Amino acid sequence: MISEEEVRHIASLARIGLSEEEVGKFSKDLSLVLDWIDELKKVDVENVEPTAHITGVENETREDNFSDFNNKNGIIKLFPEEKNGYDKVKSVL
Amino acid sequence: MIKDLHNKLINKEITSEQLTLDYFDRISKKDKDIFSYLTLTKDLALEQAKKADEKIKKGEKIGLLEGIPGAIKDNICINGIRATAASKILDSYIAPYNATVIDKLNEKGAVILGKTNLDEFAMGSSTENSAYGPTKNPHDLNRVPGGTSGGSTAAVAADLASWALGTDTGGSIRQPAAFCGVVGMKPTYGRVSRHGIIAMASSLDQVGPIAKTVEDAAIVLSAISGRDKHDATSAHSQDKNYEEFLTGEVRGTKIGVVKEYLNSLEKNVREKIEKVIEFYKKEGAKIIETELPHVKYALPAYYIIQPCEVSSNLARYDGIKYGLRIDDGDNSAISGNSSDLPKTLLETYFDTRQYGLGRETKRRIMLGTYALSSGYYEAYYLRAQKARTLIKKDFEKAFKEADMILTPTTPSPAFRLGEKTEDPLKMYLEDIFTVTANIAGIPAISVPCGRIKEGKKELPIGFQLMGKWFDEENLLRVADAYEKK
């Protein structure tokens, strides 16, 4: 069971604002899904290695060269607030 | 069908420009009801079509996809075109570069008609999670097209595109393909570059073709697959012309069938699948029983791995670098009484993500954040990755005897709009037969196998073939043999 307090904590870690109504709803939803996922506790994983990359690609390396991006303006235009070619950010405090 | 259109082009029965305009004409008439497209790219399409026509006029040879109009799921970036991933948080996002698959399609001279609807950030099984409204199933407008590539499959089913690209993380190409009565394929993980695809669950995501026929799917796959230096997870696999492997021959092919899967089906679906098995038997394929003991853990493992990777990938939508921002400045997406608006960076994050992300997206981010939070990593993510190893081993064992495995694509045909939106678990169970291929990284294809009567409508149903890693050509060969029957 995920309590409303836990929901608020998780939402804060995830940087998502929630309304009171959403807090209640997510408490119910997350509990339901996590109970169902508990099925996985039944599988014996003793001495089993985890799989991160399924076809086994490992240590892909390349020369550490840089190349110029040809559409810098396209990126700058996406800034929510631009100043002199920089992305303007809100104050931290 | 692509070959038919190709022949019409080179025999000068129609120009690519006219073909393209015909598609836009149909879209303007039919897409009000279906809503498969979010953005149309008419200027771009006509420019590409004219290039193909120019080559034909000069008597130059053209490729199979050249001048043939298709559609692109809206989580795939095209330079200069809006890419929303069906989320409000990317409503104003204009992609500043091409996905590698788009570069490849451009090289082949394909025509792109527009960007298709999906569940927000490709999370869902019905396309109802789109921030722009649901796509409808062309076979019954009261039903869902499936998801998340529901816009792409509906567009192909209604002939609003001759082919389309989708993405598949847990069944998002195959399940809607089955619901819409078209062919859909998820290639082996790494077969197709993910560069320029809006990332969702990176260890599972894969781009694939949606088409009217298996041959068309093969032609599109040939165009988009291959190693890409921009995607370190893309495989060092050889490029192939998959359409050249479609011999119609299945004699001697060993097809595995999972008994529990068949037994779990309703009678009307089961009959359809059994008919497919009968067909292959008659044609000389060898049907064998396959056991996949850990596959029952694939779905719960998926609903840990996927949300965990989502919570990490979607952290980038913070209102800072691009997309929606809510704050007390002039450029805020919401204006009003400035005392209510966020003033600090942290408040901007909270408000931007609260308003910009939809319910299912938030639910998955929260689930993933919980599972990855301190003290839970081993019990959830690590355990799921270990289960993944066991499932992979099941397939390695099964493929020692079977060349491929045949299952239904979905337990039932398309459901009604709104039928499953209130119960996340019901929606998640939609992926029961498809999710395994993503967990194991293997290729899988859904092929239509008849229709089931529901009330006054006849709804399509599909079967799925799952194959060995990097063995797309044999899957396509066997799928094509059934289709040609």
Side-chain angles (χ1 to χ4, degrees), chain A residues 2 6-7 9-19 22 25-26 29-30 32-57 59-62 69-82 87-93, chain B residues 79-80 93-94 96-97 188-190 203 229 232-233 235 294 297 300-301 303-304 311 315 318-325 327 329 331 342-346 348-351 353-354 357 362-363 365-367 369-370 373 380 382-390 392 424-425 428 440-441 469:
Chain A
I2 303 293
E6 276 177 292
V7 169
H9 174 63
I10 301 163
S12 147
L13 290 175
R15 300 289 187 257
I16 295 175
L18 292 181
S19 67
E22 280 176 307
K25 171 93 178 119
F26 279 127
D29 283 359
L30 295 184
L32 192 72
V33 176
L34 285 167
D35 280 350
W36 169 69
I37 284 173
D38 267 351
E39 178 72 16
L40 208 61
K41 290 202 173 128
K42 290 187 197 154
V43 63
D44 181 7
V45 292
E46 184 104 8
N47 300 321
V48 178
E49 286 291 315
T51 294
H53 189 280
I54 196 71
T55 60
V57 173
N59 297 339
E60 278 293 313
T61 57
R62 57 167 173 79
F69 184 65
N70 62 11
N71 187 16
K72 285 177 198 153
N73 212 26
I75 291 177
I76 292 169
K77 271 199 257 168
L78 291 171
F79 294 164
E81 195 174 354
E82 185 244 317
D87 184 13
K88 192 162 177 273
V89 178
K90 293 301 294 179
S91 67
V92 175
L93 290 173
Chain B
N79 192 7
Y93 179 73
I94 307 294
Y97 68 109
T188 310
Y189 182 79
S203 81
K229 66 174 182 184
T233 63
H294 295 98
Y297 301 113
Y303 276 99
I304 294 172
S311 75
D318 56 5
I320 301 301
K321 301 173 285 294
Y322 49 80
L324 181 90
R325 176 189 292 184
D327 62 12
N331 298 314
K343 291 190 170 46
T344 66
L345 189 62
L346 189 64
T348 298
Y349 292 154
F350 280 126
D351 280 32
R353 286 161 72 81
Q354 171 168 17
L357 299 174
K362 284 181 202 166
R363 186 153 51 210
I365 292 174
M366 302 267 293
L367 200 56
T369 305
Y370 175 79
S373 64
Y380 289 109
L382 191 63
R383 194 174 185 82
Q385 283 194 310
K386 286 179 176 176
R388 203 171 177 183
T389 306
L390 294 171
K392 185 187 178 190
L425 273 188
Y428 294 176
W469 293 269

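Chain identifiers are assigned alphabetically (A, B, ...) following the order of the sequence lines, protein sequences preceding nucleic acid strands; residue numbering begins at 1 within each chain. Heavy-atom basis, side chains included; hydrogens, waters and symmetry copies ignored. Keep in mind the model is a prediction, meaning the values are calculated, not measured.
- A pairwise comparison of heavy atoms in Ala387(B) and Leu40(A) identifies CB-CD1, 4.1 Å as the closest pair.
- The line from CG of Asp38(A) to OH of Tyr380(B) is 5.0 Å long, rounded to the nearest 0.5 Å.
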Identify every side-chain donor-acceptor pair in residues 43-50 of chain A under 3.5 Å, counting partners at least two apart or on other chains, and give the distances.
| unit_1 | atom_1 | unit_2 | atom_2 | d |
| --- | --- | --- | --- | --- |
| Asp44(A) | OD1 | Glu46(A) | N | 3.1 |

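- Contacts between Phe26(A) and chain B at a heavy-atom distance below 4.5 Å involve the side chain alone, from C-beta outward.
- Chain A forms the most heavy-atom pairs under 4.5 Å with one residue out of Leu382(B), Leu346(B), Asp351(B), Asp327(B), and that residue is Asp327(B).
- Contact count against chain B (heavy-atom pairs under 4.5 Å) is highest for Ile16(A) among Val57(A), Leu13(A), Ile16(A), Asn73(A).
- Side-chain contact between Lys229(B) and Arg62(A): absent, with no pair of heavy atoms (C-beta onward) separated by less than 4.5 Å.
- Two residues are said to be in side-chain contact when any heavy atoms from C-beta on lie closer than 4.5 Å; Ile2(A) and Tyr370(B) meet this criterion.
- A distance of 7.0 Å separates CG of Asp87(A) from CD1 of Ile320(B), quoted to the nearest 0.5 Å.
- Remark: the backbone N or O of Lys41(A) is paired with a side-chain donor or acceptor of Arg383(B) at under 3.5 angstrom.
- Going from atom OH of Tyr97(B) over to atom CG of Asn70(A) covers 12.5 Å, rounded to the nearest 0.5 Å.
- Lys362(B) pairs by the salt bridge (charged side-chain N to carboxylate O under 4.0 Å, His left out) definition with Glu22(A), not counting sequence neighbours.
- Closest non-hydrogen pair, Arg325(B) versus Glu81(A), comes out as NH1-OE1, 3.5 Å.
- Proximity of a side-chain donor or acceptor of Gln385(B) to a complementary backbone N or O of Thr51(A) within less than 3.5 Å is detected.
- Ranked by heavy-atom pairs under 4.5 Å with chain A, the first of Tyr297(B), Tyr93(B), Tyr322(B) is Tyr297(B).
- Interface residue Ser19(A): backbone and side-chain heavy atoms are both found under 4.5 Å from chain B.
- Within the 4.5 angstrom heavy-atom criterion, only side-chain atoms of Thr348(B), from C-beta onward, approach chain A.
- Among Ile75(A), Leu34(A), Thr61(A), the residue with the largest count of heavy-atom pairs under 4.5 Å with chain B is Leu34(A).
- The most heavy-atom pairs under 4.5 Å with chain B, out of Lys77(A), Lys72(A), Arg15(A), come from Arg15(A).
- The line from CG of Asn71(A) to CD1 of Ile94(B) is 11.5 Å long, rounded to the nearest 0.5 Å.
- Taking CG from Leu30(A) and CZ from Arg363(B), the interatomic distance works out to 8.0 Å, rounded to the nearest 0.5 Å.
- Of all the heavy atoms in Thr344(B) and Lys90(A), the pair that sits closest is C-CB, 4.0 Å.
- Looking at heavy atoms from C-beta onward, Asp29(A) lies out of side-chain contact with Met366(B) at the 4.5 angstrom threshold.
- Closest heavy-atom contact between Ala14(A) and Thr369(B): CB-OG1, 3.6 Å.
- For the set Gly190(B), Ala301(B), Ser373(B), the count of heavy-atom pairs under 4.5 angstrom toward chain A peaks at Ala301(B).
- For Lys321(B), the NZ atom sits in a packed shell: over 12 heavy atoms of surrounding residues, nucleotides or ligands are nearer than 6.0 Å.
- Contact check for Ile10(A) versus Leu367(B): no side-chain heavy atoms found under the 4.5 Å cut-off.
- For Ala315(B), no part lies near chain A; criterion is any non-hydrogen pair under 4.5 Å.
- Ser203(B) places no side-chain N or O within 3.5 Å of a backbone atom of Ala52(A) that could act as its donor or acceptor partner.
- Only the side chain of Asn79(B) comes within less than 4.5 Å of a heavy atom of chain A; its backbone N, CA, C and O stay farther away.
- Contacts of Lys25(A) with chain B are made by side-chain atoms alone, with heavy-atom separations under 4.5 Å and no backbone atom involved.
- Closest approach of Ala440(B) and Ile54(A) over heavy atoms only: O-CG1, 3.0 Å.
- Between His53(A) and Tyr189(B), the closest heavy-atom pair is NE2-CE2, 3.4 Å.
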